[in-house]
Amino acid sequence: MAFNDYLKGIFRDCAKDAFGVELNLDSIKVDKAPAGTHGTYGVNAGFLLSKAIKKSPFDAAAEVAKHLENNKNITEPQAVKPGYVNFNVSPAYYSQQVEKLFSDPAFFFNNSGEGKKINLEFVSANPVGPLVVVSGRAASYGDSLAKLLSMSGYKVTKEDYVNDFGRQMDLFGLSLKERYMELFGTPANIPEGGYMGQYVIELAEKIKAEKGDSLVAQYKDNFDLKDNYFRKLGLEKMIQWQKQTLEKFGVSFDNWFYESELHKNKEVEEAFARIEKRGLFKEEEGAVWFKTTEFGDDKDRVVKKQDGQFTYFASDIAYMLNKFEKRGFDRVINILGPDHHGYIKRMEAIVQGLGYEKEKLNVIILQQVNLMENGEKVKMSKRAGKIAALDDLIEEVGKDAARYFFIMRNFNSHLDFDIELAKEQSDKNPVFYVQYAYARACSILVKVKETSGRVFKPEEADFSAVEQEEEDLLLYMLNMPDVIKDAAGKYAPSVLVAALFELVSKFHSFYNKHRVISENGEVSPKRAVLILALKKTLETCFDIIGITKRERM
RNA sequence: GUGCCCGUAGCUCAGUUGGAUAGAGCAGCAGCCUUCUAAGCUGCGGGUCGGGGGUUCGAAUCCCUCCGGGCACGCCA
């Protein structure tokens with residue numbers, strides 16, 4: 001768990017001032033002290049210092065404890081068992097932090113990104129069909145990650161790459177044309193590898209409704225794959241559809257980047273020349289190969305085919321060059337599906353081949369999603385026409401549940417998406433659990449205003465005596481900025497989700513044990529402020545996850 | 001065959017830059033509503049952290065090996 005950097009700082013300073021030892025903030029671990037031990041928090045100070053000051057971890061911890069006795073932010077420092085220093089936090093610290101939470105607009109933010117420009121590419125689904133469930137995971141994950149990174153001081157561009165250049169698009173255009181002509185009596189002749197799905201027929205019908213038979217005469221005998229009106233029309237409609245789906249999902253992109261642009265602007269040739277100049281190509285069997293093996297790939301990759309055409313891989317090179325050079329991104333993050341892990345090496349080869357360090361590229365492979373219903377996998381097969389469309393999923397379980405479930409697990413874990421559970425409106429469903437907490441908090445605040453006729457200010461809260469549940473609530477709220485920093489650094493929105501769940505559970509416990517408004521109608525300023533702070537914290541978290549803030553449930 | 005991901009409670013998973021008694025949720029059992037939303041709370045039971053070996057004061061975490069599950073290995077895009 002990422003624990004409060006502020007507290008860590010106290011120990012870093014202590015180590016430096018008292019012992020002349022420079023500690024890395026990340027090596028300092030502040031945790032909640034286990035039940036039954038002294039104090040609220042514990043820090044691994046003894047282990048960190050024992051070597052430097054040539055004492056056993058426990059003795060080192062004792063030294064640290066002694067030096068912290070007069071610190072104004074912590075109280076009762078004490079060396080514990082193997083080498084920890086456990087301590088309590090002073091009321092002054094709590095007051096100061098809570099006031100900051102309200103007054104400092106950047107309270108939940110950090111600046112580990114230092115304004116660096118990140119290109120975050122995700123979804124990038126082929127525009128030949130509706131978005132499917134896997135894209136939903138990518139959309140949830142990418143959007144939440146973008147928010148986390150922005151809050152951590154990065155300048156993030158969310159980008160969707162549209163593969164509108166290759167054969168798939170050609171075949172889609174042709175399939176669409178055949179379906180359209182079919183509506184006017186010409187039997188459809190769907191090409192090999194073409195698209196058989198029902199949605200193609202529906203799209204053709206839509207086009208018929210819009211344009212009538214006006215396209216029949218003109219395009220009936222046009223078999224040009226690239227210069228094909230239906231190809232263009234199909235692309236437009238599909239992107240429009242994807243955008244609509246994503247909008248329902250609360251996800252939007254800053255940029256839709258079309259592969260065809262790279263060809264139109266001769267950037268593919270340019271990229272090709274760039275790699276060629278660096279001597280990274282070889283010719284074999286009439287094709288041009290990029291020697292990606294020089295960068296750890298298991299085989300070289302064709303860039304230009306025998307017939308002189310560039311491969312998709314050539315576009316990738318141009319695209320990467322565009323990101324780094326034309327647009328000056330400091331870092332490129334690529335979120336890919338589970339079937340793409342073989343691509344990492346060759347993508348790294350591109351980056352290095354263009355003369356950049358491979359660390360500038362982060363490829364994240366999202367593992368597969370299994371839709372589960374009644375304990376069984378729902379089979380998804382494009383070929384059988386049974387597409388697990390994201391639209392259907394959103395319709396079925398709602399946006400909030402879908403977005404929450406998709407980032408509940410870390411990206412490298414397979415995700416079992418339990419449809420029944422996501423639909424359930426009960427305590428079993430974690431989404432409702434957290435949303436319920438927000439509604440509850442809002443409801444209390446309404447009552448507070450009704451009974452007292454006013455809103456309480458942070459400085460009215462007195463934390464000199466806090467109950468266990470109050471302190472827990474405080475602790476988890478004040479720790480949220482560090483959770484956000486940690487989650488961003490690990491590219492793991494799931495870290496935030498877990499912390500949010502814990503925070504909410506602390507609140508529910510608090511609620512069941514203590515009253516903000518006593519039975520005789522008196523409002524505790526401290527508790528009213530706590531709930532206000534909670535509301536703000538939850539809003540921040542909900543925005544990151546992309547779920548609705550419902551004031552009533 | 002090669003490469004990547006995974007293996008932790010009955011189920012789904014946290015925890016993996018080595019640190020305190022391995023944690024949640026669900027499922028099971030027992031309680032809590034004349035009280036700010038019971039879509040909530042409290043308690044109980046449940047574990048050879050896939051097996052084995054190694055490194056270490058200390059291993060779920062690092063190394064080796066084996067076993068099991070998933071996915072990928074086109075001059076397709």
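Computation of the quantities below employed the complete heavy-atom set of this structure, encompassing side-chain atoms and omitting hydrogens, waters and symmetry-equivalent molecules.
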salt_bridge([X], [Y]) N-O dist < 4.0 Å:
X	Y	value
K513(A)	E469(A)	yes
E261(A)	K264(A)	yes
R454(A)	E460(A)	yes

### Task
State which residue, out of V497(A), L500(A), I547(A), V483(A), fulfils the side chain to side chain contact (heavy atoms under 4.5 Å, CB included) condition with C541(A).
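Exactly one pass, corresponding to L500(A).
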
Between [M] and [N] - [atom1] atom distance, rounded Å:
N	M	atom1	value
rA60(B)	rG18(B)	P	14 Å
rG23(B)	rU8(B)	C1'	10 Å
rU16(B)	rA59(B)	C1'	10 Å
rU34(B)	rA38(B)	P	12 Å
rU37(B)	rC41(B)	P	16 Å
rA22(B)	rG50(B)	P	15 Å
rU2(B)	rG47(B)	P	38 Å
rG58(B)	rG15(B)	P	26 Å

At 4.0 Å (heavy atoms only), tell me whether [X] reaches a base, stays on the sugar-phosphate, or touches nothing.
X	value
N44(A)	nothing
G42(A)	base
D316(A)	nothing
H38(A)	nothing
E522(A)	nothing

Partner nucleotide of [N] by Watson-Crick or wobble geometry (both distances under 3.5 Å):
N	answer
rG3(B)	rC71(B)
rC49(B)	none
rG23(B)	rC13(B)
rC36(B)	none
rU56(B)	none

Find the distance [X]:[atom1] to [N]:[atom2] and express it as a whole number of Å.
X	N	atom1	atom2	result
E420(A)	rA27(B)	CD	P	14 Å
N520(A)	rU35(B)	CG	C1'	12 Å
K513(A)	rU42(B)	NZ	P	9 Å
F405(A)	rC13(B)	CZ	C1'	12 Å
Y41(A)	rA20(B)	OH	C1'	17 Å
F510(A)	rU42(B)	CZ	C1'	17 Å
N412(A)	rC13(B)	CG	P	12 Å
I444(A)	rU37(B)	CD1	P	7 Å

### Summary
Protein-proximity profile, nucleotides 71-77 of chain B, B/S/- by nucleotide at the 4.0 Å heavy-atom cutoff, equals BSSSBBB

Whether [X] contacts [N] is assessed here as follows: a side-chain N or O lying under 4.0 Å from the phosphate OP1 or OP2. Is that the case?
X	N	answer
N410(A)	rC13(B)	no
R527(A)	rC36(B)	no
Y433(A)	rC41(B)	yes
S413(A)	rA14(B)	yes

### Task
Consider the side chain of Y511(A), meaning its heavy atoms from C-beta on, and name the nucleotide among rC41(B), rU35(B), rU37(B) that approaches it most closely.
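Of the candidates, rU37(B) comes closest.
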
### Message
Measuring from the side chain of R440(A) (C-beta onward, heavy atoms only), which nucleotide among rA38(B), rC36(B), rU42(B) has the closest atom?
### Response
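Comparing rA38(B), rC36(B), rU42(B) against the side chain of R440(A), the answer is rA38(B).
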
### Task
Determine if the base of rC33(B) is syn or anti; take syn to mean the glycosidic torsion is within 90° of 0.
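You should classify rC33(B) as syn.
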
### Query
Does R137(A) offer a backbone N or O that forms a donor-acceptor pair with the side chain of S140(A) under 3.5 Å?
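Pair absent, no side-chain N/O of S140(A) close to backbone of R137(A).
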
Can you give each donor-acceptor pair under 3.5 Å made by side-chain atoms of residues 334-346 of chain A, sequence neighbours left out, with the distance rounded to 0.1 Å?
{"unit_1": "H341(A)", "atom_1": "ND1", "unit_2": "P338(A)", "atom_2": "O", "d": "3.4"}

### Task
State whether the number of non-hydrogen atoms from other residues, nucleotides or ligands found under 6.0 Å of R552(A) atom CZ is greater than 12.
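Atom CZ in R552(A) is not crowded, with 12 or fewer foreign heavy atoms closer than 6.0 Å.
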
### Task
Report, as yes or no, whether the 6.0 Å neighbourhood of atom NZ on K232(A) holds more than 12 heavy atoms from other residues, nucleotides or ligands.
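No - once you tally the heavy atoms of other residues, nucleotides and ligands closer than 6.0 Å, there are 12 at most.
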
### Query
Does the salt bridge (Lys or Arg N to Asp or Glu O under 4.0 Å) test come out yes or no for K323(A) and E121(A), once each step is laid out?
CA-CA 11 Å; K323(A) 282 175 177 173; E121(A) 185 203 328; 2.9 Å; yes

### Message
Given the ring of Y511(A), does R440(A) sit roughly above its face, with NZ or CZ under 6.0 Å from the centre of the six-membered ring and within 45° of the axis?
### Response
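Judged by the rule, R440(A) and Y511(A) form a cation-pi pair.
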
### Query
Do we get K304(A) above F272(A)'s six-membered ring, with its NZ or CZ under 6.0 Å from the centre and within 45° of the axis?
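Judged by the rule, K304(A) and F272(A) form a cation-pi pair.
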
Sub-3.5 Å pairs of nitrogen or oxygen atoms, protein against nucleotides 57-59 of chain B:
none

#### Entry: 5′-ward residue of the pair A498(A)/I517(A) relative to RNA chain B
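Comparing both residues, the 5'-ward one is A498(A).
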
### Task
Please tell me which of R409(A) and V43(A) maps to the more 5' nucleotide of RNA chain B, matching each residue to the nucleotide holding its nearest heavy atom.
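Checking each residue's closest nucleotide, the 5'-ward one belongs to R409(A).
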
### Task
Could you label the plane-to-plane angle of the Y41(A) and F87(A) rings as parallel, tilted or perpendicular, counting under 30° as parallel and over 60° as perpendicular?
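Judged by the thresholds at 30° and 60°, the geometry between Y41(A) and F87(A) is parallel.
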
### Query
Hey, mind stepping through K506(A) and E502(A) against salt bridge (Lys or Arg N to Asp or Glu O under 4.0 Å) and telling me if it holds?
CA-CA 6 Å; K506(A) 295 297 172 196; E502(A) 265 182 298; over 6 Å; no

